[in-house]
S.K.: 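The structure is given below, and queries will be raised subsequently.
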Number of protein chains: 2
Amino acid sequence: MLVLFIFDACMAKIQSKKNSTKKEIIIEKAAKLFRDKGFGASSMRDLAEVVGVEAASLYNHIQSKSEILQAICFKVANEFISHLEAVERSPEPTLKKMETIIRFHIRMMLEQYEYVYISDHEWRHLPEPYLSNFLNQRRSYRKRLGDIIENGIQKNEIKNIEPYVAILTILSAISGIESWQRSRKSTSAETLETNMVKYLIEGLKK
Amino acid sequence: MLVLFIFDACMAKIQSKKNSTKKEIIIEKAAKLFRDKGFGASSMRDLAEVVGVEAASLYNHIQSKSEILQAICFKVANEFISHLEAVERSPEPTLKKMETIIRFHIRMMLEQYEYVYISDHEWRHLPEPYLSNFLNQRRSYRKRLGDIIENGIQKNEIKNIEPYVAILTILSAISGIESWQRSRKSTSAETLETNMVKYLIEGLKK
DNA sequence: GGCAGATCCTAACACTTGTTAGTTTTGTTT
DNA sequence: AAACAAAACTAACAAGTGTTAGGATCTGCC
């Protein structure tokens, strides 16, 4: 009863069903904008224009420019973390685990390009304490990936390679898909995924 | 005679020996600044402060904020291109060529971190026509790298992999060293270079 | 010592930034 | 039709932007 009341009050204050929708539209448009002009170079007036509204009107749905950035960065971070948790719980061999993770990263880069790109490149502009929070999550995520690799080495399932360097290499390689997105060339998405997985997994095999 | 005159006039107009030195100092400080705040978020007043001078005084040595960015981006681009030309001319086998190039990229990332980082991440802010120019050089550079790989495949010296994807993977992986730089951890530069080369080269071997 | 030129400074410019206040329009409910 | 809330608008704010003008100061050379 009390809980319901608080919940309702919260919903009513922060967002109703309708401006939740509008808020999402704003964030979506913002993602596209931030991706190709950068967060710093995108003004609220720019954003307002693509949304089809006056700049001041945006503040009926969001609280600040950086709230948009926070929403994007943490949405992406959460998706990666919860996927990782599922993989960690699975009983598969190390190489298969890594392939699953690599494919997930590649698909995220293909299907949620704007969001992932911003989370990768514009997190610097997060205000504290969100910045520290984000970096902690990131560090923890990479650490856990490194643990998977280390575990695989100890079990003699994969080649002996510095886990940190392997993770750095894999994640960076995938985030480079950004530059493929920027200029859709002859190479198809499928070719890209197949070949990149091949390259990155082959380098881990014994 | 005429050539010399033009050369002299140019030198005198753009920079004398003395403000060339000062100009270089400004660019060096700017590189550090741009790297950790981003080009857009760095103001000329910020730059002036680290140089130890008033903002307006900078304009005795440079012509505009974006001239600094141009200087950095094209300096880096030229270094990579001329190194590539040397490798192209060499008679070595494909795998050795690729290792040379990979090592050069890694060392540039280790030794000229600020410059390379900015060239990698802040080129968007170049004004036209420099932007198009830069992107053309970049595309051409990657194309030539791809040709080396394609040639190696035809000669049966390396594994059959999509050249474009291989290049994308290699370059992106290396540019990820940025995040190692950002937080000097337990891993040494040597370990990093050794392991990354191992990973990236192993994935090319037959 | 004094001239010349390089380099600095202060002040200001025109403009853009994110955001707020106050008001009017819009759309739904009674 | 009246009333209410949601969401749009106009106008403005304080602060910060890159850059220029004009004058002061410093430096090295005759």
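Here is the naming used below: chain letters follow the sequence lines, and residue numbers restart at 1 for every chain. Just so you know, these numbers use all the heavy atoms, side chains as well, and skip hydrogens, waters and symmetry mates.
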S.K.: Rounding to an integer number of Å, can you tell me how far B:Met44 CE sits from C:dA12 C1'?
M.R.: 17 Å
S.K.: Would B:Lys143 and B:Tyr164 count as a cation-pi pair here, with the cationic atom under 6.0 angstrom from the ring centre and within 45° of the axis?
M.R.: no
S.K.: How are the rings of A:Tyr130 and A:Phe74 set relative to one another: parallel (under 30°), tilted (30 to 60°) or perpendicular (over 60°)?
M.R.: perpendicular
S.K.: Please determine if a side-chain N or O atom of A:Ser43 lies less than 4.0 Å away from the OP1 or OP2 oxygen of C:dT16.
M.R.: no
S.K.: Whole angstroms only, please: what is the CD1-P distance between A:Ile62 and D:dA6?
M.R.: 18 Å
S.K.: Grab the CD-C1' distance between B:Gln63 and D:dT20 for me, whole Å please.
M.R.: 14 Å
S.K.: Roughly how far apart are B:Cys73 SG and B:Phe134 CZ, rounded to 0.5 Å?
M.R.: 5.0 Å
S.K.: Main chain of B:Thr187, side chain of B:Trp180: is a donor-acceptor contact present, judged purely on distance under 3.5 Å?
M.R.: yes
S.K.: Nearest-Å distance, NZ (B:Lys65) to C1' (D:dT20)?
M.R.: 17 Å
S.K.: Using a cut-off of under 3.5 Å, enumerate the N/O to N/O pairs linking the protein to nucleotides 8-11 of chain C.
M.R.:
from  : atom 1 : to      : atom 2 : distance (Å)
C:dC8 : OP1    : B:Lys22 : NZ     : 2.6
C:dC8 : OP2    : B:His61 : ND1    : 3.4
C:dC8 : OP2    : B:His61 : NE2    : 3.3
C:dC9 : OP2    : B:Glu54 : N      : 2.6
C:dC9 : OP2    : B:Ser57 : OG     : 2.8

S.K.: Enter the distance from A:Ile161:CD1 to B:Met196:CE here, rounded to the nearest 0.5 Å.
M.R.: 9.0 Å
S.K.: Base of D:dG16, side chain of B:Arg45 - is there a donor-acceptor contact under 3.5 Å?
M.R.: no
S.K.: Could you tell me whether the side chains of A:Thr194 and A:Thr191 share a donor-acceptor contact shorter than 3.5 Å?
M.R.: no
S.K.: What is the distance, rounded to the nearest whole Å, between atom NZ of B:Lys37 and atom P of D:dG16?
M.R.: 11 Å
S.K.: Between P on C:dT7 and NZ on B:Lys23, what's the gap in Å once rounded to a whole number?
M.R.: 12 Å
S.K.: Which part of the nucleic acid, if any, lies within reach of B:Ser42 when heavy atoms closer than 4.0 Å are counted: base, sugar-phosphate only, or nothing?
M.R.: sugar-phosphate
S.K.: When the distance from CG of A:Asp46 to P of C:dC15 is rounded to whole Å, what number comes out?
M.R.: 17 Å
